[in-house]
Asks: 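Before I ask anything, let me first share the structure, which is written out below as structure tokens.
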Number of protein chains: 2
Amino acid sequence: MSQTKTVEPRPYHHGDLRRALVDAARRLLEAEGPSALSLRAVAREAGVSPAAPYHHFKDKSELMDAVAQEGWETLNAQMAEAKTRDAGPHQLTALGITYVCFARENPALYRVMYDMVREKEALPEDAQSNKDSAYCMVRDTMVERGADPAAETHLELATIAAWCGAHGLAEMAGFKQFEHLKEELGGERAFLDAVLSHMGLFAPKHGAC
Amino acid sequence: MSQTKTVEPRPYHHGDLRRALVDAARRLLEAEGPSALSLRAVAREAGVSPAAPYHHFKDKSELMDAVAQEGWETLNAQMAEAKTRDAGPHQLTALGITYVCFARENPALYRVMYDMVREKEALPEDAQSNKDSAYCMVRDTMVERGADPAAETHLELATIAAWCGAHGLAEMAGFKQFEHLKEELGGERAFLDAVLSHMGLFAPKHGAC
DNA sequence: TTTCACATCTGAGCGCTGTACAGATATCTT
DNA sequence: AAGATATCTGTACAGCGCTCAGATGTGAAA
């Protein structure tokens, strides 16, 4: 931020407290869940005083934003990997499954991610512009699978609809009421597959019912 | 606000503190938003000491559950009204719109409702059994609109898919990124309609794309 | 090298929170 | 009239987000 002797910003006392705090937060999040994620607990976990974080984050929500941001980047990466892994006609379904599985495997992180999104009332800033964002990946895949890229509004609406469905499923997949369906269908994965295909947006061309 | 000469269970000191607390909570929720909804603030609003609520609720989350429960009942009622109002072929869409509009008009309450649901990892207990629940209403409407009631699994999956989509849209409809779409389509209502119809679950029979 | 400016971290403290508990008070039962 | 019990208050405690004055380390200027 100040000098340019070496390549990196070269931190001062701690090493890189900002990084350490975000790491500590993610560790706590995984170990204790979102309710344990207090600023003081994070500082404790990182081995600094409760006031130290305020030199790197304006307030608690800014620290949470940093954690959430990393979550979005991880999600983007997993979606990209899924897209290259499955290039067949069910690519969209594969993306949907990947999205929901990410949420199911990182429930605490997913919650922090959407806490941020709800607070800001917006997806991450670059969601619609960054080619590598999950959102753009879904939209592009729709085009590759036959949607007309000239019908911009139509395409955008379809992407939003898919995103809404995936997010809804991500939040509800774990509900107790659906246990018997999972058993009947042979596991959670099959359940997710079935619900997604009922959304009619993730399977290329066989409508809804 | 204090006396009750009438039929009711005849409470002791306050009148019906439990009721008063839930009312106070809803008042606060609407006026100050969900972050202002502390147990102490609710007690203050109701004019009692911070410890008083503990004689009516095990802890804060039980009070929140009561608020959320009322929210679900209000939602159920509005869905029922919508169903009788619009009995045409777009009944399902009307239900979807009603759901999302409820969430958009009562954002704080909707959040408390889903806080409960996320905590319990389940929809309200009677969601799948109570005929008057929004969930059953959607499922029944699907049958009335042509779905095969014998294909139970299929029907259940379609209902879940629709619910997921509606919930996703309820949470995302206010996002800043979608402002231009709302303008282009001529208002938020048209936007909701468009996204819902892209889900392919709310319009009876014209697939997705 | 000494000095200085400043980034970083600590410790104490404020007002808030959820919750516990002992004691006061009102109501119901006998 | 007396006792049991439900209800409410006052006080207290630990934890929270956040602020601020002061200590401490660091890089740049003299």
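To find a chain, count down the sequence lines: A is the first, B the second, and so on, and within it residues start at 1. Values reported hereafter were calculated over all heavy atoms of this structure, with side chains retained and with hydrogens, waters and symmetry mates removed. Because the structure is a prediction, the values reported are computed rather than measured.
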Asks: Counting distance only, does the side-chain N/O of B/Q91 pair as donor-acceptor with the main-chain N or O of B/D86 below 3.5 Å?
Replies: yes
Asks: Could you check how far CZ of B/R18 sits from P of D/dC8, rounded to whole Å?
Replies: 13 Å
Asks: In residues 43-58 of chain B, what residues come within less than 4.0 Å of DNA chain D, judged by heavy atoms?
Replies: B/V48, B/S49, B/A51, B/A52, B/H55, B/H56
Asks: Whole-Å distance between C/dT17 C1' and B/D59 CG?
Replies: 14 Å
Asks: For B/Q128 and B/S133, test the side chains for any donor-to-acceptor distance below 3.5 angstrom and give the result as yes or no.
Replies: no
Asks: Please identify each residue that fulfils salt bridge (charged side-chain N to carboxylate O under 4.0 Å, His left out) with A/K120, with sequence neighbours left out.
Replies: A/D65
Asks: Starting the side chain at C-beta, find the nucleotide from C/dC9, C/dT19, D/dC8 nearest to B/L39.
Replies: C/dT19
Asks: Expressed in angstrom and rounded to an integer, what is the separation of B/R40 atom CZ from D/dT11 atom C1'?
Replies: 11 Å
Asks: Rounded to the nearest Å, what distance is computed from the NZ atom of residue B/K60 to the C1' atom of nucleotide D/dC16?
Replies: 12 Å
Asks: What integer distance in Å separates B/L37:CG from C/dC16:P?
Replies: 17 Å
Asks: Can you tell me if B/Q177 uses its side chain to pair, donor with acceptor, with the backbone of A/L123 under 3.5 Å?
Replies: yes
Asks: Side chains of A/W72 and A/L75: does their closest heavy-atom pair fall under 4.5 Å?
Replies: yes
Asks: Aromatic ring centroids of A/Y114 and A/H167 under 6.0 Å?
Replies: yes
Asks: How many whole angstroms separate atom CG of A/L63 from atom C1' of D/dC16?
Replies: 14 Å
